[in-house]
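Just so you know, ligand 1 is whichever comes first in the structure, and atom 1 is the first atom listed for that ligand. By convention here, the first residue in the shown sequence is residue 1.
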Amino acid sequence: MRSQFGETAEALFLTQGFVYETAEDAEARFAGEADGFVYSRYGNPTVQMFQDRMALLEGAEAARATASGMAAVTAAMIACVKAGDHVVASKALFGGCRYIVEDLLPRFGVESTLVDGTDLSAWEAAVRPNTTALFTETPANPTLSLVDLPAVAEIAHSVGARLVVDNVFATALHQAPLKLGADVVVYSATKHVDGQGRCLGGVIVSDEEWVTEKLDGLLRQTGPALSPFNAWIMLKSLETFPLRVRQQTASAAAVADALAGHPAVRRVIYPGRDDHPQAEIARRQMTGGGTLIAIEVEGGRDAAFAASNALRVVKISNNLGDAKSLITHPASTTHQRLTDEQRAELNIGPGLLRLSIGLEDTDDLIADLTRAFDSVGAKAAASVG
Ligand SMILES: *Cc1c(COP(=O)(O)O)cnc(C)c1O
């Protein structure tokens, strides 16, 4: 979408409103009888360009942008339910997503059931005639467990429910949930879409009918609109999105292999490796292992902290999908709110680290991580000896 100036780079329409030639024109636009924008909470040319490109990237009929990933998840879920309905979600979820399902929706008369997403019989047992939405994340944060999307889609559709998939970890490059049977896909564009640690954003993609009938009214009237400025950054980021994610994935695969045999590492969990417990699902529904790795270190929390603190290239941060490699200790940060029991159920042990691989040189990353884990291994050996 170019303005009359024919600019090369997409224009930033940093405007709240739009002016009309005549009062009649204003009336017609409000009535939806004339094309054109009326207010940036409803739509904005820069935001529209970003939405159109996300729809193309996803192979979807329609996309809507929101101010954050959580705004996208909240709107997508609310659009699926009314009081008296029921939703089912996998337990292994990003903290905010779990809050929506477990705490927020029940306050408005929507019951929810959390299941082990890897267990198809649990999904089947949980759905009811009044179930209107199933929600899942695959790979899941932070243990990278996988959910069989075509099978869960079939269970959703058997009761007339919609399957909503949070596709942040796999990214649009490596997994196409709509083609695997999902009805709605949500993204935190904060992650791989921006990919350079600058702004928050979210996207909801689905079919035109659901978006216009169920979602648009909600978005217009509740106002989680993406800022045109942030949409412009996201739009420019999309130009390098496949290159970045492909390179980050190649590095992640190499790092996962390099760390797998390290004596200080008990286990590397990476969807691109044959030893992932659900490698077969990864091969069927993903085209690459993604940019995230889960690492279980020997020696629990102390060793996990020591390894994190010894890193120089990799930074300690809870973001992911960034051009900078970032490491986080889920038990003490992102999943601190859960009880010990809940964490154990999700396999989030004290020695678990989540590593998001960025765009630094692959050999530098392997050297940095190997050196950090060597130092932990040496300390452990010294204390034993
Ligand atoms: C970050 C994230 C979100 C929330 O996105 P924000 O942009 O931080 O609001 C939701 N789901 C997953 C899997 C995420 O990683």
For [atom], what's the nearest protein heavy atom and its distance?
{"atom": "atom 7 (O) of ligand 1", "value": "Thr190 OG1, 2.6 Å"}
{"atom": "atom 9 (O) of ligand 1", "value": "Met70 N, 2.8 Å"}
{"atom": "atom 2 (C) of ligand 1", "value": "Lys191 NZ, 2.5 Å"}
{"atom": "atom 4 (C) of ligand 1", "value": "Phe94 CE2, 3.4 Å"}

Does NZ or CZ of Lys191 come closer than 6.0 Å to the centre of the six-membered ring of Phe94, within 45° of the ring's axis?
-> yes
Leu134 with Val165, same ILVMFWY side-chain cluster at under 4.5 Å = yes
Using distance alone, determine whether Cys97 and ligand 1 share an N or O pair under 3.5 Å.
-> no
Does even one non-hydrogen atom of Asp166 get within less than 4.0 Å of ligand 1?
-> yes
Quick check on contacts: which atoms of ligand 1 are under 4.0 angstrom from a heavy atom of [X]?
{"X": "Ser188", "value": "1 (C), 2 (C), 3 (C), 4 (C), 5 (O), 6 (P), 7 (O)"}
{"X": "Ser68", "value": "7 (O), 9 (O)"}
{"X": "Gly69", "value": "5 (O), 6 (P), 7 (O), 9 (O)"}

Rounding to 0.5 Å, atoms OG1 (Thr46) and CE (Met234) come to a distance of 13.5 Å
Passes salt bridge (charged side-chain N to carboxylate O under 4.0 Å, His left out), Glu239 versus Arg244? Steps please.
-> CA-CA 10 Å; Glu239 293 175 347; Arg244 285 185 282 106; over 6 Å; no
Residues Asp368, Arg371; criterion side-chain contact (heavy atoms from CB on, under 4.5 Å); working and verdict | CA-CA 5 Å; Asp368 192 39; Arg371 192 186 40 72; 2.7 Å; yes
How close do Cys80 and Trp210 get, heavy atom to heavy atom, and via which atoms?
-> SG-CZ2, 3.9 Å
Which pairs of donor and acceptor atoms, one on a side chain in residues 302-309, lie under 3.5 Å apart (sequence neighbours left out)?
unit_1	atom_1	unit_2	atom_2	d
Ser308	OG	Ala304	O	2.8
Asn309	ND2	Phe305	O	3.3

